[in-house]
Amino acid sequence: MSGGRKPDTWWLPRGVVALRVRIFEKVNGDRAVTLPNAAYGPEVFERVYAHPAANGRSAGAGLSDLFWYWLSPGPEVHQEHLEPGPRYEDVAQATRRILAGGSADLAAAAGRAVAGVLDALPADRISLVRLRDLVMPAWAEFCYGLVFREPCPPHARKLIIAHAEDVISALKCTGLRHTRRRARLTAYVRERLAAGDVPHRLPASLSPEEQVLYLQGTFFNTAVVQLSEATAHLLLALARHPRVQRRLADDPGDDRYLTHVLDETMRLYPLFGIAHRITTDEIPLDDRTTLPVGSVVCFSYPDYHATGYERPDVFDPDRWASLSAGDAHHIPFGVAANRPCPAWRLSPLVLRAAVREVLRRFRLDSSVSHTRSIPHRAPCLLIPRGLEPGARLAPLRGFLRVRDGVEDVTRGVRQLVLGTVMVLHARRQRPAARYFERFPPGRCPVVHSTGDSA
Ligand code: HEM
C-alpha cells in the first residue's frame, strides 16, 4: 500500500502542488489546456502528444520564461527547450553519442559510483540520511565519467553537486536560484573544453560557449537531477514497503521483479509532473473542438498514469506481472513519437545497479510521506546488513515521522514565498520571450566556429 499514516498537515504540500499546477496554467493564459481532463481522456492525451503539430517547445508559452529562469545558464541550448529543426537534431545526436555505451560497462560504472558514497557510511550503526543527498554525489561522478571518460576529481564533483542541487531546489521552490554558484561550474567546463579534455564530437551548430552550456545543462543538471530523484523515489518506495524490499534483497538477480518495482515507482511517482508543447498547427480534440495554433498543451503524467489501472493509488509492483509497460498507460520517459528522453535505455539500467548496491549493504526503513515531488529529499534510515536494530528502531522511526510533519508545514510556507518571488523575478526577466524577440523560431544564431573538440 502507498498509504501509511498521514501527518496532520498532509493537505499543505498537496495544496502547494495543486497551486503550482494552477500557476503553470495561469502563467500560460487562456491558451493553456491540461490533458487528460474531465472532457478528454487518455486516448486524446496520447493522440495529441504524438501529433506532429504538438512540436513547439519554448516559443510562445509564458511557462517557458519560468523554466528558462530555473534552468539557466544556457536554457536556449538545452535539448529539452530547443525548437525543432537542424540545431535540435544536431544537439540530440550529440546527446545520444555521449550516452552510448555497453550495458555492462554502464551498470558497472553506476554500481562503483554508488559503492563509493556508501563506503563513507558506518557499517556498525544506523544512519539517518536524505536519500537524494546521499546519491547525488554518485550520479555527479557517473555523469562526469560520461562526459570526460575519466574518474571524477573531488573538486569537480563538488561543483556539479552545487549546481544540480541549486537547480532542483529552485525548481521545487525550496530554495532560490544562485547564479554565481552555477557560474563556477560553467567556468570549470569552459576551461576543460578549451583544453581539449572532452573526448566527444559536440554539436557543430553551437558556438564553443554554447557547447559548454549544453554539457552543463544536459549532463550536469538534467542527468544528475533526474537520476538522483529517481533513485530517491525507488529507495523510499522500498523503505516504505518492507515486503517488496525483502523480496528484492533475497533474490538480487531477479531482474524481472526489479523492473516491475521500477515501473511501478515511475508510474506512481513520474519525474515529470507536466510536460508541455506549443501547437504549431490546428489539432482536433474531437469532431467539434479543435486546438488552435499557439495553444499550450500541458500533458499531466500523474493523471495519465492513474488511468486504466485497478486501484491506481496503490503501490503494487505485482500488477506488472500481467501488464506490459508498452500497452499500459505508462510513459515515464515520454512518448516515442515526440521527443522522448534520450536516456530511456540507460536510466533503468543504471538505476537497477544502484538499487542492488544499496540493498546488498543496507536494509531501508522510513516512516515519512512519499509524494511525487519529494521536497523532503526522502529521509530514510539505513540499517547495515547483519546489524540487529532491536529497540532502537521505533524511536528513530517516530522521530522521522514527527520531523517530517513539522518540516512539511515550514517547507510549504517557504515554497509558496520563494515560488512567488521566483515567478515574479522570471516574469520581469522574461529570458525566453527576450531570446525569441532576437531569434524568432527558425532563425538560430549564426555560429562562426565549429568548436569541435573531438
Ligand atoms: C529515471 C530517469 C529519467 C526520467 C524518468 C526521465 C524522464 C524524461 C521525460 C518524461 C522526458 C520527456 C518530456 C517531454 O515530453 O517533454 C525527458 C526528456 C529528456 N531527458 Fe530525461 N529522464 C531521465 C533521465 C535523464 C538522463 C539521465 C538524461 C541525460 C542526458 C536525460 C535527458 C533528457 C533530455 C535531454 C530530454 C529532452 C529530450 C528532447 O526534447 O529531445 N534524462 N526525460
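Computed from heavy atoms alone, side chains included, the values below leave out hydrogens, waters and symmetry copies. When a ligand or atom number is given, it counts from 1 through the structure's own listing order.
Ligand 1 has no atom lying under 4.0 Å from any heavy atom of Ala92. Residue contacts with ligand 1 include Arg277, since one or more of its heavy atoms lies under 4.0 Å from the ligand.
Here Val335 has no heavy atoms under 4.0 Å from ligand 1, in either its backbone or its side chain. If you look at Pro348 next to ligand 1, there are no close heavy atoms at all, none under 4.0 Å. At a 4.0 Å heavy-atom cut-off, ligand 1 does not touch His276 at all.
Checked against a 3.5 angstrom limit, the closest N/O atoms of Arg339 and ligand 1 fall inside it. Checked by distance only, ligand 1 and Tyr49 come closer than 3.5 Å through their nitrogen or oxygen atoms. Polar contact with ligand 1: absent for His78 (N/O pair, distance under 3.5 Å).
Proximity annotation for atom 39 (C) of ligand 1: of Tyr88, Phe299, Tyr301, Tyr88 comes nearest, heavy atoms only.
Here the side chains of Arg240 and Phe315 are not in contact, with every heavy-atom distance at 4.5 Å or above. Side-chain atoms of Leu146 and Leu106, non-hydrogen and from C-beta on, do get closer than 4.5 Å to each other. Looking only at side-chain heavy atoms (C-beta outward), His241 and His370 stay at 4.5 Å or farther from each other.
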Q: Could you walk me through whether Thr289 and Tyr40 pass the side chain to side chain donor-acceptor pair (under 3.5 Å) test, one step at a time?
A: CA-CA 11 Å; Thr289 320; Tyr40 301 106; 3.2 Å; yes
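No side-chain N or O of Glu282 forms a donor-acceptor pair with one of Thr290 less than 3.5 Å apart. Defined by atom type and a distance below 3.5 Å, a donor-acceptor pair is present between the side-chain atoms of Ser72 and Arg177. For the residue pair Gln216/Thr186, the side-chain donor-acceptor check at 3.5 Å is satisfied.
Aromatic ring pairs are classed by plane angle as parallel below 30°, tilted from 30° to 60° and perpendicular above 60°; the pair Tyr144 and Phe148 is tilted. Using bins of under 30°, 30° to 60° and over 60° for the plane-to-plane angle, the ring pair Tyr214/Phe219 lands in the perpendicular bin.
Taking a cut-off of under 4.0 Å to the non-hydrogen atoms of Arg57, the atoms of ligand 1 that pass are 16 (O). When each atom of ligand 1 is checked for a heavy atom of Ala275 under 4.0 Å away, the hits are 14 (C), 15 (O), 16 (O). When each atom of ligand 1 is checked for a heavy atom of Pro340 under 4.0 Å away, the hits are 38 (C). Of all atoms in ligand 1, listed by their number and element, those nearer than 4.0 Å to a heavy atom of Leu351 are 1 (C). Taking a cut-off of under 4.0 Å to the non-hydrogen atoms of Gln79, the atoms of ligand 1 that pass are 35 (C), 38 (C), 39 (C), 40 (O), 41 (O).
Proximity of a side-chain donor or acceptor of Asp166 to a complementary backbone N or O of Arg182 within less than 3.5 Å is not detected. A donor-acceptor pair is defined here as one N or O able to donate and one able to accept, closer than 3.5 Å; such a pair exists between the side chain of Arg47 and the backbone of Pro284.
Partners of Asp255 under the salt bridge (Lys or Arg N to Asp or Glu O under 4.0 Å) rule, at least two apart in sequence or in another chain, are Arg352, Arg356. Every ring-ring contact (aromatic ring centres under 6.0 Å, His included) that Phe299 has, sequence neighbours left out, goes to Phe45, Tyr49.
Considering only non-hydrogen protein atoms, atom 30 (C) of ligand 1 sits nearest to Thr218 CG2, 3.6 Å. Protein heavy atom at the shortest distance from atom 7 (C) of ligand 1 is Pro332 O, 3.4 Å. Counting only heavy atoms of the protein, atom 1 (C) of ligand 1 lies nearest to Ala230 CB, 3.6 Å. Among all non-hydrogen protein atoms, the one lying nearest atom 9 (C) of ligand 1 is Phe272 CE1, 3.4 Å.
Ordered by chain and number, Cys341 SG make up the set of protein N, O or S atoms under 2.8 Å of atom 21 (Fe) of ligand 1.
Salt bridge Arg112/Asp119: absent, no basic N to carboxylate O contact under 4.0 Å.
Each ring-ring contact (aromatic ring centres under 6.0 Å, His included) pair with one or both residues in residues 149-176, not counting sequence neighbours, appears once here: His155-Tyr188.
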